[in-house]
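The block underneath contains the structure these notes are about, expressed in structure tokens.
All values below come from the heavy atoms of this structure, side chains included, with hydrogens, waters and symmetry mates left out.
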Amino acid sequence: MLARIFIKPKRGILDPQGKAVLGSLHSLGFKNVDDVRVGKYIEVKLNTGDKAQAHSEVQKMCDTLLSNKVIEDFNYEIVEG
């Protein structure tokens, strides 16, 4: 199974990288962009066929290592593969 994990800054947390990308997009003429939030995308390949176990392990990975719960939100999906 494959876990696709998406991590992004929480709303209200300063995102300097997102602001830099927003400024660059505006300077390139993309004036319709109102906001940019830059996060992380992580893939974790799991050696299990038990989807409930995969969910439990990925949740623990995110809670303990992959995300900073103080400043980041995360979500994930488990897919076959």
Point to revise | Side-chain cluster (under 4.5 Å, hydrophobic types only) that Leu14 belongs to, other residues | key: none
Practice item. Quick one: list whatever passes side chain to side chain contact (heavy atoms under 4.5 Å, CB included) with Lys19, sequence neighbours left out. Key: Asp35
Point to revise | Pairs involving residues 48-64, ordered by first then second residue, that meet salt bridge (charged side-chain N to carboxylate O under 4.0 Å, His left out) (sequence neighbours left out) | key: Asp63-Lys69
Point to revise | Sequence-distant partners of Glu77, salt bridge (charged side-chain N to carboxylate O under 4.0 Å, His left out), two or more places apart | key: Arg4
Practice item. Among residues two or more places apart or on two chains, list those pairs meeting ring-ring contact (aromatic ring centres under 6.0 Å, His included) that have a residue in residues 2-40. Key: Phe6-Tyr41
**Study point:** Contacts of type side-chain hydrogen bond (donor to acceptor under 3.5 Å, both in side chains), residue Arg37, not counting sequence neighbours
**Key:** none
Exercise for review: With sequence neighbours excluded, tell me which residues meet ring pair (Phe, Tyr, Trp, His ring centres under 6.0 Å) with Phe74.
Suggested key: none
Check your understanding: CE/Met1 to CG/Asn47 distance, rounded to the nearest 0.5 angstrom?
Key -> 11.0 Å
Practice item. Drop me the distance from Ser67's OG to Met61's CE, to the nearest 0.5 angstrom. Key: 12.5 Å
Check your understanding: Could you give the distance from NE2 (His55) to CD1 (Ile78), rounded to the nearest 0.5 Å?
Key -> 5.0 Å
Revision key, fill the gap. Contacts of Ile71 meeting side chain to side chain contact (heavy atoms under 4.5 Å, CB included) (sequence neighbours excluded), chain-then-number -> Ile13, Asn68
Review point. Can you find a side-chain donor-acceptor pair between Thr48 and Gln53 that sits under 3.5 Å?
Key: yes
Review point. Residues in side-chain hydrogen bond (donor to acceptor under 3.5 Å, both in side chains) with Asp73, at least two apart?
Key: none
Point to revise | Residues which pass side-chain hydrogen bond (donor to acceptor under 3.5 Å, both in side chains) with Ser56, listed by chain and number, not counting sequence neighbours | key: none
